[in-house]
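Structure below; questions to follow.
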Amino acid sequence: MREVLKSVQTRETELGRLVAGSTEEVFAWLTDRIKQSAQERATSMGVGLSGGSTPKAWYQWLVEGRHFDSKALRNVIWAASDERQVSLESEDSNLGNALRGFLNPLGFSPDKSVAWSVDYEPESAALAFQSQWMHRFGENQGFHLCLLGMGEDGHTASLFPGSPLLREPVEQLFAAVAVAGRGWRFTITPTGLEASNEIILLATGAAKGEVLARALRTARPVIELPIRLLAGYADRVTILCDRAAADALR
Ligand code: 6PG
């Protein structure tokens, strides 16, 4: 591991392995992990990028330091682990933000990303994404590496408290769901997380640390605190925390 990672701290938790460090260490850890996974895979690797504002700082860091080489990562196919049904041009588009944030500036070719369609009804668009994904990567393959964010209500991807996708087992790996007050969202489902090889949650700032602390200290059901889903895949989960989040977790 590179020099910058020397003070990263790790510990096992019920939700997965916690890795804590400075903002730069956390970004470097995530970057190295993607590079290493891509190198280890002889064939294409599907990465689900998380949404919201948290990854934007990482995108900026990636571009400023030119930390990704698009040629070395040419076997990576990028998608969003959840998305609003808006065009890629919209500032609300998670994949659009990744394209603007680092994929385009670092020279990744447009055929290296897969978007949810805005041309179909939400449920058909989710099925279309799923069949496109499976056609490329095989039946029942989620993301090889799935990045997730987390909200202060404990949601992750677009799995919000009370979500119908958390109430009953769903067969789909990727689904459309109407979220009260937020419109239609596309999201990886719990089945999709189960079908993903590795899951990385990026949590920065004290408020996220407090949510994680709550998720680790209570046995509240997943339907109330969706981030607790991670306990089901803990052996494949890394929770990446910056110092502010890690301090709130003590
Ligand atoms: C989205 C995602 C959501 C997000 C978290 C964290 O907004 O696209 O649905 O799960 O990753 O809410 O968002 P912030 O990074 O903005 O706090």
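Note that ligands are numbered from 1 as they come in the structure, with each ligand's atoms numbered from 1 the same way. Start at 1 with the first residue, then count along the sequence. It should be emphasised that the depicted structure is a prediction, and the values quoted were computed from it without experimental measurement.
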query: Within the structure, does Ser53 bring an N/O atom to less than 3.5 angstrom of an N/O atom in ligand 1?
result: yes
- line: atom 1 (C) of ligand 1: of Glu152, Lys56, Arg84, the nearest heavy atom sits on Arg84
- prompt: Hey, does Ile34 have a side-chain heavy atom less than 4.5 Å from the side chain of Met45?
  reply: yes
message: Could you check whether any side-chain N or O of Thr238 sits under 3.5 Å from a backbone N or O of Leu240, counting only pairs where one atom can act as donor and the other as acceptor?
response: no
message: Measuring from non-hydrogen atoms of Lys208 to any atom of ligand 1, is the shortest distance under 4.0 Å?
response: yes
- request: Using the six-membered ring wherever Trp is involved, compare the ring planes of Trp133 and Phe137 and label them parallel, tilted or perpendicular (cut-offs 30° and 60°).
  value: tilted
Lys/Arg N to Asp/Glu carboxylate O, Glu91 vs Arg84, below 4.0 Å: no
Which residue and heavy atom of the protein sit nearest atom 15 (O) of ligand 1, plus the separation: Thr54 OG1, 2.4 Å
query: Just wondering, are more than 12 heavy atoms of other shown residues or ligands nearer than 6.0 Å to CZ in Arg74?
result: no
- prompt: Mind checking whether Ala157 has an N or O less than 3.5 Å away from an N or O of ligand 1?
  reply: yes
task: Provide the number and element of each atom of ligand 1 under 4.0 Å from a heavy atom of Arg185.
output: 9 (O)
message: Minimum distance, heavy atoms only, to atom 9 (O) of ligand 1: which one of Asp82, Leu159, Asn94 is it?
response: Asp82
message: Check whether Asn75 reaches the backbone of Ala38 with its side chain - one donor and one acceptor, N or O, closer than 3.5 Å.
response: yes
message: Using 30° and 60° as the class boundaries, would you call the ring planes of Tyr59 and Phe102 parallel, tilted or perpendicular?
response: tilted
message: Tell me the protein heavy atom at minimum distance from atom 13 (O) of ligand 1, and give that distance in Å.
response: Gly52 CA, 3.8 Å
Taking distance alone, no hydrogens or angles, what donor-acceptor pairs closer than 3.5 Å link side-chain atoms of residues 157-175 to residues at least two apart or in another chain?
| from | atom 1 | to | atom 2 | distance (Å) |
| --- | --- | --- | --- | --- |
| Ser158 | OG | Asp82 | OD2 | 2.5 |
| Ser158 | OG | Arg185 | NH1 | 3.0 |
| Ser163 | OG | Leu165 | N | 3.1 |
| Arg167 | NH2 | Gly162 | O | 3.2 |
| Gln172 | NE2 | Phe174 | O | 2.7 |

Atom indices of ligand 1 within 4.0 angstrom of Ser158 heavy atoms, with elements: 9 (O)
statement: Among Pro226, Gly205, Gly51, the residue with a heavy atom nearest to atom 11 (O) of ligand 1 is Gly51
task: Closest by any non-hydrogen atom to atom 12 (O) of ligand 1: pick that one out of Glu83, Met150, His155.
output: His155
